[in-house]
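Data first, discussion second: the structure below is written as structure tokens.
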There are 2 protein chains.
Amino acid sequence: MATETQIRIGVMGCADIARKVSRAIHLAPNATISGVASRSLEKAKAFATANNYPESTKIHGSYESLLEDPEIDALYVPLPTSLHVEWAIKAAEKGKHILLEKPVAMNVTEFDKIVDACEANGVQIMDGTMWVHNPRTALLKEFLSDSERFGQLKTVQSCFSFAGDEDFLKNDIRVKPGLDGLGALGDAGWYAIRATLLANNFELPKTVTAFPGAVLNEAGVILSCGASLSWEDGRTATIYCSFLANLTMEITAIGTKGTLRVHDFIIPYKETEASFTTSTKAWFNDLVTAWVSPPSEHTVKTELPQEACMVREFARLVGEIKNNGAKPDGYWPSISRKTQLVVDAVKESVDKNYQQISLSGR
Amino acid sequence: MATETQIRIGVMGCADIARKVSRAIHLAPNATISGVASRSLEKAKAFATANNYPESTKIHGSYESLLEDPEIDALYVPLPTSLHVEWAIKAAEKGKHILLEKPVAMNVTEFDKIVDACEANGVQIMDGTMWVHNPRTALLKEFLSDSERFGQLKTVQSCFSFAGDEDFLKNDIRVKPGLDGLGALGDAGWYAIRATLLANNFELPKTVTAFPGAVLNEAGVILSCGASLSWEDGRTATIYCSFLANLTMEITAIGTKGTLRVHDFIIPYKETEASFTTSTKAWFNDLVTAWVSPPSEHTVKTELPQEACMVREFARLVGEIKNNGAKPDGYWPSISRKTQLVVDAVKESVDKNYQQISLSGR
């Protein structure tokens, strides 16, 4: 990829997740880290050193300063969710393309303001959901859209939980109403919702109803919840997310003819490969004492880690705009918006004592 | 087991499932088939021949005639659900112990009448849920109750679907309101509900709420539905059942420290062994690009098929009563009743436009 123009990325904030994405930018063949900002110069400097940033990387002691840097094409923004609307709009207004961590905003109204600013300034926006860029995900989609192997989707169930320790549950920004105030729903639920939407070809559900029994902390932040989604034609989905239960991440999608299972859809067990299980027209032997056609496992080699695939795709789109006069791609913000809409609906249902929320017209 | 007294079982009705259970009675070391009844002598005779019944088996041309047979200790009753209350009570009144197919009744009021009759006549009742007798299930329970490997249960999700063909969806007794009128909920949902209750140590949920989007046939029989269950202390569960989607049967139970997954819990892939997957305190590597401790698979050898284990346990309890003057065991009817209660609540929620149903005091 020596001929490819490197997209110059600035890292806006030194969150923990930025370590992983910094490595991903190093690995992506079409992107390079050109700047980093924190609220203090020292912190930015230490982060750059700890993450092997190139000598040439400009170190900024404020986000504003990074925004003014003319040598930056795009920003990776891992700031707390509550700050997204402010800084993503400022970035767009400075003509910087944006790789924005998820959840993209505190609600879809905020996200629409971000998207408006991106459109007005011709910049690309993409959210930081990594797993959809794993080469495995393309094969999942292929299976789910195969009328012979999978048929029509009937239901999809997805969950993501992990057990936050005492310190996490007390101090992490994801349990603070003023920071990542969507809690487990915005953090873990985002992935499960994205999975159910992906299986439904990003058609929005008609209704969203949270399950009775959501757990909130004293500040009102969701620590665990679940919801059922339903579509006009009888398709259903469930999502579950939690900071209070052992690390688990599942997709089970069942169609008229086939079933798909993924047990590590967000972070694959191994970095170098990823698996999934399918079955088609499964049935029993004559006496129904065993299966004649048990599910089969498929493994995909992952040459580039999924987060580097994400950066590569983002940089490719930015490169198209920068070098070839292309327009920003509308797919990525559209699926961010749909994911956020369902996040909002689950939260609304929890807030309204588990009422059924209609998404019609949203 | 030559010293064990053989419990003499009569098979009341020649349903398809009776083929499998007949073989199980042959295999169980402490039970023998002594009689079979159908509404016609010819049908009963043909069934006995097709299923290798001993020469000595008495063939009955009516259920009444089987009930009068003094050489029968116990009955296996695979009649349509709507007939259970009538025939189970008649059997109890004749002093016959009862292995009753699931769902045990059309509703818990009917089942309570059956249990009353059994208690009044000192007979054992057990339902025909086979998988709980698989040796694997004891290991599942062991894991779920292990405070170090699993911790406290937070959520359990279970589903059972299979794709009924055109003939099934038109003619099977499970889609007929007057026969197995609980449809997919009573048939497939029964198993998923039992799994969620087992994971919850058979503590009844506080509320049951069906998911919007249940599918009913023209006669009002449920073809697919799902529901969420919630407990006082924040535990939740979901169940899903369907006649309209590819064969899939799953348990995913997530605790504070561990996760359990079973992909073939009702009918194991193989008759001779059964597997499940566990993980404990799962976490990621430092950069969150892979798991340091992926789940591990466990396999149990099944020396006797699970349905034969069921017959063996049933015959053991009957033998205790018959030979040792024991009282009927209350565990099995109590879990049948709880399963039926939740079936009823899901149906009530579907009937009431997905209202939340309280189980307090039931």
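Labels below follow one simple rule: chain letters A, B, ... track the order of the sequence lines, proteins then strands, and each chain is numbered from 1. On a predicted model such as this, the values are computed, not experimentally measured, just so you know.
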*Side-chain donor-acceptor pair present, B:T248, A:T259, cut-off under 3.5 Å*: yes
*What residue, out of A:N285, A:I266, A:D286, A:T207, has the most heavy-atom pairs lying under 4.5 Å from chain B?*
A:D286
_Structural part of A:T280 lying under 4.5 Å from a heavy atom of chain B_ = backbone
*Quick one: of A:D16, A:L244, A:L153, A:N246, who has the most non-hydrogen atom pairs under 4.5 Å with chain B?*
A:N246
*Using the six-membered ring wherever Trp is involved, compare the ring planes of A:W283 and B:F162 and label them parallel, tilted or perpendicular (cut-offs 30° and 60°).*
perpendicular
_Test side chain to side chain contact (heavy atoms under 4.5 Å, CB included) on A:T289 and B:R23; report intermediate values, then the result._
CA-CA 11 Å; A:T289 60; B:R23 172 172 169 269; 3.7 Å; yes
*With chain B as the partner chain, list the residues of residues 226-234 of chain A whose heavy atoms fall under 4.5 Å from it, by residue number, and write 'none' if nothing qualifies.*
A:S228, A:S230, A:G234
*Looking at B:G213, B:P268, B:G151, which has the largest count of heavy-atom pairs under 4.5 Å with chain A?*
B:P268
*Side chain from CB out, backbone as N, CA, C, O: work out which of these in B:T238 comes under 4.5 Å of a heavy atom of chain A, or both, or neither.*
side chain
_For chain B, which candidate among A:K270, A:K257, A:K154, A:R19 shows the most heavy-atom pairs at distances under 4.5 Å?_
A:R19
*Greatest number of heavy atom pairs closer than 4.5 Å to chain B - which of A:A214, A:A163, A:G258*: A:G258
*Going by heavy atoms in the side chains, are B:L247 and A:S279 under 4.5 Å from each other?*
no
*Grab the two heavy atoms, one from B:H263 and one from A:W291, that are nearest each other, plus how far apart they are.*
O-CZ2, 4.2 Å
*asked:* Let's test your reading of the structure: which of B:Y240, B:Y269, B:F150 forms the most heavy-atom pairs below 4.5 Å with chain A?
replied: B:Y269
*For B:R235, is it the side chain, the backbone, both, or neither that has a heavy atom closer than 4.5 Å to a heavy atom of chain A?*
neither
*asked:* Nearest 0.5 Å, please: how far is OH in A:Y354 from OG1 in B:T209?
replied: 10.0 Å
*Please look at B:Q356 and chain A and tell me whether the side chain, the backbone, both or neither of the residue comes under 4.5 angstrom of a heavy atom of that chain.*
side chain
*asked:* So which atom in A:A290 and which in B:E271 form the shortest heavy-atom distance, rounded to 0.1 Å?
replied: CB-N, 4.0 Å
*chain A neighbours within residues 292-311 of chain B, where any heavy atom lies under 4.5 Å away*: B:P294, B:P295, B:E307
_Among A:V215, A:T236, A:T155, residue most engaged with chain B (heavy-atom pairs, under 4.5 Å)_ = A:T155
*Name the member of B:M130, B:K281, B:R261 that forms the most heavy-atom pairs with chain A at distances under 4.5 Å.*
B:R261
*Checking B:T256 against chain A: side chain, backbone, both or neither under 4.5 Å from a heavy atom?*
both
*asked:* With a 6.0 Å cut-off (strictly less than), is the heavy-atom count around CD of B:Q152, excluding the residue itself, greater than 12?
replied: no
_Short side-chain to backbone donor-acceptor contact, B:K20 and A:V288, under 3.5 Å_ = yes
